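Only a predicted model underlies this, so the values are computations on that prediction, with no experimental measurement involved. Throughout, a chain's letter reflects where its sequence line sits, starting with A, and its residues are numbered from 1. Computed over heavy atoms, backbone and side chain alike; hydrogens, waters and symmetry mates excluded.
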Amino acid sequence: MALSREQHFDMYYYLLLGRALEERLETLYKQGKIPGAIYQGRGQEACYVGSAYALEPGDVIAPTHRDMIAMLPRGMDIKLIVAQHLAKVTGPTKGRGEDNYLGDLSRGIFTTVSMLPDFYPVAAGAALAFKIQGESRVALAYCGEGATSRGDWHEALNFAAVKTLPVVFFVINNQFAFSTPAEKGMKIGNVANRASAYGMPGITVDGNDPIEVFEAVKRSVDLAREGQGPSLIEAKTLRMKGHAGHDRFTYAPSGLIEQWEEKDPINRFEILLRDEWQLNDEEKQQIEIEIQMKIDGAVAFAEASPLPDPNEVTKDVYH
Amino acid sequence: MSITEQEAAKGLTFQNEESTYLQAISQGLGEAMREDETVIQIGEDIGEFGGAFKVTKGLIDEFGEERVIDTPLSESGFIGAAVGAALMGLRPVVEVQYADFLSCGWDQIVNVAAKIHYRTGDPVPMVIRAPSGAGLRAGPFHSQSPEGWFAHVPGLKVVAPATPFDAKGLLRSAIEDPNPVIFFEHKYLYRRLKERLPREKYKIDIGRASVRRDGTDVSVITYGAMLYKALEAAKQLNTNGISVEVVDIRTINPLDKAAIIASVKKTGKVVIVTEDHYSFGVSAELAATINEGAFEYLDGPIERIAPPDTPIPYSPPLEDAYLPQVEEITTGITKLVAY
Ligand SMILES: Cc1ncc(C[n+]2csc(CCOP(=O)(O)OP(=O)(O)O)c2C)c(N)n1
Ligand SMILES: [Mg+2]
């Protein structure tokens with residue numbers, strides 16, 4: 001499926017919005033306004049936008065700690081994202097859940113937990129419900145290469161394969177799990193090779209190319225929707241920041257970050273847009289202004305929002 | 001909080017430098033590895049990186065990758081591997097990045113490690129170190145105090161030291177113990193406490209409480225980071241003429257029932273303060289223990305102060321409301337004294 005000019009610009013918008021929003025969250029974190037942590041997906045924007053953009057409104061995603069940007073093409077309200085980080089009552093968890101562990105089920109976004117990758121089986125379960133209810137919907141589960149070492153990951157893939165479920169397993173291989181380089185977490189070079197153990201297609205894509213990611217995910221989503229079962233997609237990239245806000249990534253081999261700086265997904269996409277879709281400076285500036293205004297609005301909203309009422313601490317444990 | 005008199009009286013001499021709670025554990029790990037080559041470390045990011053909290057920093061330089069073992073992200077896998085290594089003669093010390101992630105290795109802990117000795121008589125000498133506790137605005141998945149989960153499992157020992165001195169001394173006992181021991185390190189205390197540690201080898205026996213403050217009117221039974229709130233409450237009430245005894249149980253399972261009962265017999269009134277949440281947990285077990293051992297000595301109901309039965313919230317006002325605070329403890333004690 002060829003993407004139109006408008007769709008290219010849409011993706012460009014989300015790429016820029018994701019990066020700018022994370023930068024603002026980093027500033028808020030450094031100002032001490034975020035009581036918890038920040039986890040950044042800088043450098044991985046193409047993975048998020050390319051994949052989420054391949055979904056339909058009724059589909060669901062299961063992001064992890066680093067995957068906030070995947071929520072943006074789903075229409076996630078960024079006011080909610082900032083309010084959650086600032087621990088305000090207006091955030092989607094009303095100040096109960098921490099920083100990036102957020103979602104919005106009305107937009108098909110699960111609210112993850114920290115234990116990785118606990119939402120892999122959950123995504124398979126969502127797909128099971130779609131299948132049982134005869135709905136033409138697909139689930140897409142995110143995680144990093146590190147999380148593919150846990151049993152829950154393997155159980156989810158096997159279950160989904162055996163039951164031919166409409167789910168796409170999307171692994172962002174960003175070369176690190178906290179400080180652990182991928183080659184110390186697994187003996188194989190490609191996470192996608194694990195797919196053969198479960199009898200599903202396994203595809204490796206360039207995680208810094210939004211179009212390549214989009215096309216691969218779109219194919220897998222179509223297969224899932226047609227009743228052909230799950231796929232595993234691995235997007236190769238580099239985590240451009242430390243594991244979390246406190247981690248300065250001192251263990252990155254020298255030169256690695258600079259080498260990947262050159263493959264920056266947004267710069268690359270911009271070149272494509274200029275060359276083939278006539279993006280000009282004025283348009284770019286306009287998009288950037290729109291994004292800054294949107295983020296300013298979200299931050300103002302979050303800062304003006306109240307903290308939760310301590311008397312409500314015991315509310316809502318049960319339905 | 002400094003070292004109890006009983007321990008100082010044992011004739012220990014002290015290092016010139018003060019050590020934090022975190023450093024005390026690091027020292028304990030290093031000493032154990034130096035003395036006993038069967039001691040190994042296993043966990044995520046514990047080698048070069050030194051662990052999520054840097055407790056194992058430097059161990060790999062001294063002992064190498066053979067004994068300081070970085071693992072893939074796979075708690076069930078490496079906890080199970082530790083059981084196997086323990087059965088074959090090693091003494092593995094496992095680190096999980098947060099106590100919250102113990103649940104990811106649950107089955108290996110509660111069904112494998114805990115139930116071997118009862119059936120076969122084979123020892124399973126292993127320690128699982130787990131940074132626990134709230135107060136750091138870390139939310140529902142990085143703040144839990146799950147000692148009650150594990151204390152409920154026959155075959156496991158569970159310790160929760162509150163001071164650098166105890167952390168190091170209990171770690172030694174845990175590593176020497178022929179049973180699986182879950183070692184809860186309160187991460188709020190990691191860098192907030194400092195004291196001079198003994199130069200000599202020493203250990204704190206598992207299952208031994210410590211009276212942190214003598215008193216005559218009320219006993220507070222507590223452990224972990226709550227010890228400091230209890231001591232602060234005791235100090236404040238002292239100026240009102242209320243004499244509070246504070247007992248730090250230090251080990252959750254096996255409980256030092258004798259020490260708890262002795263204190264309650266002396267004061268006749270008791271307040272239990274835990275960070276484990278209210279229902280079906282450590283505070284309930286303590287209340288039952290006191291009921292069974294000192295009922296005739298009680299001059300009032302057993303008071304429990306513990307967090308409500310909710311997940312641990314992220315936002316500061318909610319987390320502060322969740323955790324027992326000094327004022328709640330002073331109020332509880334004052335009410336009980338007037339009973
Ligand atoms: C079961 C479990 N163990 C440990 C952790 C602590 N932890 C948080 S993120 C992380 C690394 C994850 O690496 P990866 O899956 O590659 O995702 P990335 O952070 O690179 O996006 C670790 C070890 C966790 N969240 N869950
Ligand atoms: Mg990774």
Side-chain angles (χ1 to χ4, degrees), chain A residues 34-37 65 84-89 91 93-101 112-118 143-154 176-182 184-187 243-244 246-247 250-251 306-318, chain B residues 43-54 57 65 69-80 96-98 100-108 134-144 277-279 307-323 325:
Chain A
I34 295 175
H65 58 292
Q84 163 96 3
H85 279 81
L86 299 193
K88 297 299 181 77
V89 73
T93 66
K94 304 190 176 80
R96 293 166 185 158
E98 66 254 51
D99 34 77
N100 232 3
Y101 301 87
T112 198
V113 303
S114 173
M115 292 67 200
L116 292 165
D118 280 7
C143 77
E145 85 298 335
T148 70
S149 293
R150 271 202 70 222
D152 287 39
W153 191 88
H154 294 267
F176 287 91
F178 205 155
S179 78
T180 305
K184 286 181 86 180
M186 55 188 196
K187 270 289 207 184
H243 165 63
H246 59 78
D247 173 21
T250 48
Y251 45 86
L307 287 162
D309 175 355
N311 293 314
E312 306 229 314
V313 67
T314 55
K315 253 181 86 176
D316 295 335
V317 178
Y318 298 95
Chain B
E44 292 161 7
D45 304 289
I46 65 167
E48 207 54 57
F49 191 64
F53 291 95
K54 305 287 177 199
K57 188 83 195 155
E65 291 182 356
I69 302 161
D70 274 320
T71 68
L73 203 168
S74 49
E75 284 75 5
S76 190
F78 63 75
I79 291 171
V96 293
Q97 292 196 331
Y98 284 82
D100 309 69
F101 300 131
L102 284 169
S103 54
C104 301
W106 180 252
D107 195 49
Q108 289 292 342
L136 297 168
R137 315 314 188 196
F141 307 109
H142 297 89
S143 305
Q144 296 177 79
H277 64 87
Y278 200 84
S279 300
D309 297 326
T310 80
I312 303 173
Y314 165 55
S315 194
L318 293 178
E319 191 182 36
D320 291 345
Y322 172 88
L323 283 172
Q325 302 297 347

*Asks:* Would you mind checking which part of A:H85 comes under 4.5 Å of any heavy atom in chain B, side chain (CB onward), backbone (N, CA, C, O), both or neither?
*Replies:*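 Backbone of A:H85 only, per the 4.5 Å heavy-atom cut-off to chain B.
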
*Asks:* With a 3.5 Å distance limit and no angle check, can you tell me whether B:Y322 reaches the backbone of A:T314 through a side-chain donor-acceptor pair?
*Replies:*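 Looks like no, no N/O pair under 3.5 Å.
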
*Asks:* Below 4.5 Å from any heavy atom of chain B, which atoms of A:V113 appear? Answer side chain, backbone, both or neither.
*Replies:*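 A:V113 touches chain B through backbone and side-chain heavy atoms alike.
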
*Asks:* With a 4.5 angstrom heavy-atom cut-off, is it the side chain or the backbone of A:D152 that approaches chain B, or both, or neither?
*Replies:*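 Contact with chain B involves no heavy atom of A:D152 at all.
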
*Asks:* Between A:Y251 and chain B, with a heavy-atom cut-off of 4.5 Å, which part of the residue counts as in contact: side chain, backbone, both or neither?
*Replies:*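 Side chain only.
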
*Asks:* So do the side chains of B:P313 and A:V313 get within less than 4.5 Å of each other, counting heavy atoms only?
*Replies:*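 Sidechains of A:V313 and B:P313: in contact.
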
*Asks:* Under a 4.5 Å heavy-atom cut-off, does chain A meet the side chain of B:D309, its backbone, both or neither?
*Replies:*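 For B:D309, the backbone is the part near chain A, not the side chain.
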
*Asks:* How about A:K88 and B:S315: do any of their side-chain heavy atoms sit closer than 4.5 Å?
*Replies:*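 The answer is no, as the side chains (C-beta and beyond) never meet within the 4.5 Å cut-off.
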
*Asks:* So if I take each residue of residues 46-54 of chain B and look for any heavy atom under 4.5 Å from a heavy atom in chain A, which residues do I end up with?
*Replies:*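 Within residues 46-54 of chain B, near chain A: B:F49, B:A52.
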
*Asks:* For B:L73, run the side-chain contact (heavy atoms from CB on, under 4.5 Å) check against A:T148, A:T180, A:L116 and tell me which one passes.
*Replies:*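 Testing each of A:T148, A:T180, A:L116 against B:L73, the sole residue satisfying side-chain contact (heavy atoms from CB on, under 4.5 Å) is A:L116.
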
*Asks:* Which heavy atom of A:F178 sits nearest a heavy atom of B:D45, and at what distance?
*Replies:*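 Closest heavy-atom pair between A:F178 and B:D45: CB-OD2, 3.5 Å.
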
*Asks:* Given heavy-atom pairs under 4.5 angstrom as the criterion, report whether the side chain, backbone, both or neither of A:K315 touches chain B.
*Replies:*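 Neither part, no heavy atoms under 4.5 Å.
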
*Asks:* Can you tell me how far the CD1 atom of B:I312 sits from the CZ atom of A:R96, to the nearest 0.5 Å?
*Replies:*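 With rounding to 0.5 Å, CD1 (B:I312) is 14.5 Å from CZ (A:R96).
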
*Asks:* Between B:A138, B:P311, B:P308, B:S143, which shows the greatest number of heavy-atom pairs under 4.5 Å with chain A?
*Replies:*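 Winner by heavy-atom pair count: B:A138.
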
*Asks:* Check A:G36 against B:Y314 and note the closest heavy-atom contact, atom names and distance.
*Replies:*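 Smallest interatomic distance, heavy atoms only, reads N-OH, 3.1 Å.
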
*Asks:* Non-hydrogen atoms of chain B under 4.5 Å away: do they reach the side chain of A:E145, the backbone, both or neither?
*Replies:*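 For A:E145, there is no contact with chain B at all, as no heavy atom is under 4.5 Å.
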
*Asks:* Which atom names give the shortest non-hydrogen contact between A:G95 and B:L318, and what distance separates them?
*Replies:*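 What the structure gives for the nearest pair is O-CD1, 3.8 Å.
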
*Asks:* Please report the interatomic distance SG(B:C104) to CG(A:D118), rounded to the nearest 0.5 Å.
*Replies:*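 That separation rounds to 5.5 Å.
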
*Asks:* Relative to chain A, which of B:S103, B:P317, B:A321 shows the most heavy atom pairs under 4.5 Å?
*Replies:*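 Highest number of pairs under 4.5 Å: B:P317.
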
*Asks:* Under the rule for ring pair (Phe, Tyr, Trp, His ring centres under 6.0 Å), what residues qualify as partners of B:H142, not counting sequence neighbours?
*Replies:*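 Applying ring pair (Phe, Tyr, Trp, His ring centres under 6.0 Å) to B:H142 gives B:Y98, B:F101.
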
*Asks:* Looking only at heavy atoms and a cut-off of under 4.5 Å, which of B:P140, B:G139, B:S74 has the most pairs with chain A?
*Replies:*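 Most heavy-atom pairs under 4.5 Å with chain A: B:P140.
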
*Asks:* With a 4.5 angstrom heavy-atom cut-off, is it the side chain or the backbone of A:Y101 that approaches chain B, or both, or neither?
*Replies:*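 For A:Y101, side-chain heavy atoms alone lie under 4.5 Å from chain B.
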
